[in-house]
There are 2 protein chains.
Amino acid sequence: MSDAVSDTEPHAAFSQHDHAHCVATTLQQAERVATERGLRLTPVRRRVLEILLERHSAMGAYDVLERLAEEGFGHQPPVAYRALDFLVANGLAHRIRRINAFIACDHPGEAHHAAFLVCETCNGVAEIPADGLRAMLEAGARSTGFAIGRATIEAAGQCPECRARAEQGTDNEAQE
Amino acid sequence: MSDAVSDTEPHAAFSQHDHAHCVATTLQQAERVATERGLRLTPVRRRVLEILLERHSAMGAYDVLERLAEEGFGHQPPVAYRALDFLVANGLAHRIRRINAFIACDHPGEAHHAAFLVCETCNGVAEIPADGLRAMLEAGARSTGFAIGRATIEAAGQCPECRARAEQGTDNEAQE
DNA sequence: TATTGACTTGTGATAACATAACACATATCT
DNA sequence: AGATATGTGTTATGTTATCACAAGTCAATA
């Protein structure tokens, strides 16, 4: 049975790691980007980014809103949506359409195309590089004369951890 | 400025074509598939497929529902969603997440992965083959240990027709 | 510092998309 | 016909997203 998979490098989203460090680093990068481009990383916007960074799963706009409200920001949907849209527009966060949710970008500032792996069991989301995918997609579109602006590439499935758990469960069903 | 693109074969969704024929063919294929697999292509389901086939743009569930209601079917959202979900589950239609809409499958029955080109101007949607994209996506996921179930690949941009119109508009602005 | 203009935040209201739960009908199989 | 599974329709509600407008903030500058 073995672990045909566990010998590969697991993605940060799907493994133990020094999360405090990972948050700090990404936040720092984001701040650098904002400064460089003259973006206004206001309190709400910054706080939303921090909230997203707390975890590697995506959050719905209303979940973010709830947090904001608790902390004294506005209580209405546009408060959350505006901040999220700002982050997405400036590459500091991504929108995951399959689950109507948002996630902080892994490496803001670096021009890149990303694809997302969405675990259907734990709702974790991993960002993987998609420059190659994007190129291939453009090649496909070219033959139709279509000009691509933005692309959404998302895969739903099971992350390594949940897959392992599922196998355990299979080995030993009748419990509970 | 040439036409680096206009000498390629345009996609059916983005060009003139014998649509009646294109509908009939696809519907026939769909029926064959349903028979082969023992699916029950009931009146509502079949009608929804026909409605989707009328155009090469995607329709929202509520647009479909409105049509159904006019024709004597149920008036409540589940009526449309259930039929649409059935069609999607059986590969007779696809869901376009970027615009919360549904579109008939171009070639039901043939096992395939598809990507979609969504025109932001006219809302037309073209389905293009994505087996290569899928393979590349899986390769990318493999290194994280992630097991892909379904994938969503969508590009937003401008179709050749709308692009042409836009250029005309640019040549000759000031008109209304 | 007062003014201006662009941008940001907050609000109430509402639109758009989607599902839950249940009753009844219809199909299939025996 | 009776039993079972599946499909349809309904009411009700949940979830996601946007509109329109008022008020506040900020930076540039006269």
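The sequence lines fix the lettering, A, B, ..., with proteins before strands; numbering per chain opens at 1.
One interatomic measurement links the two molecules: CG of L41(B) to P of dG7(D), which rounds to 12 Å at whole-angstrom precision. In this structure, the CD atom of E66(A) is 12 Å from the P atom of dT16(D), given to the nearest Å. Protein atom CG of L65(B) is 11 Å distant from nucleotide atom P of dG9(D), rounded to whole Å.
Between I99(A) and E154(A), the closest side-chain pair of non-hydrogen atoms is not below 4.5 Å.
Taking for each of G74(B) and I99(A) the nucleotide of DNA chain D with the nearest heavy atom, the 5'-most of the two is the partner of G74(B). Both F73(A) and R97(B) lie close to DNA chain C; mapped to their nearest nucleotides by heavy-atom distance, the more 5′-ward contact belongs to F73(A).
The salt bridge (charged side-chain N to carboxylate O under 4.0 Å, His left out) pairs that include a residue from residues 56-73 of chain B are R47(B)-E71(B), E54(B)-R67(B), R67(B)-E71(B), where partners are two or more places apart or lie in different chains.
Closest approach of T26(B) and C105(B) over heavy atoms only: CG2-O, 3.3 Å. For the pair A151(B) and R98(A), the tightest heavy-atom approach, listed with the atom from each and the gap, is C-NH2, 4.1 Å.
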Worksheet item: Between F116(B) and H94(B), is a ring-ring contact (aromatic ring centres under 6.0 Å, His included) present by the stated rule, with each step listed?
Response: CA-CA 9 Å; F116(B) 301 92; H94(B) 300 284; 4.9 Å; yes
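The distance between the ring centers of H19(B) and H17(B) falls below 6.0 angstrom.
The main-chain N or O of A114(A) is never found under 3.5 Å from a side-chain atom of E127(A) such that the two would form a donor-acceptor pair. Of the possible donor and acceptor atoms, one in the side chain of R45(B) sits under 3.5 Å from a partner among the backbone N and O of R40(B).
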Response to the item:
Letter by letter from the 5' end, nucleotides 17-27 of chain D scores (B base, S sugar-phosphate only, - none; protein heavy atoms under 4.0 Å) BBB------S-
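Along DNA chain C, read 5' to 3', the first and last nucleotides having any atom under 4.0 Å from a heavy atom of chain B are dC17(C) to dA27(C).
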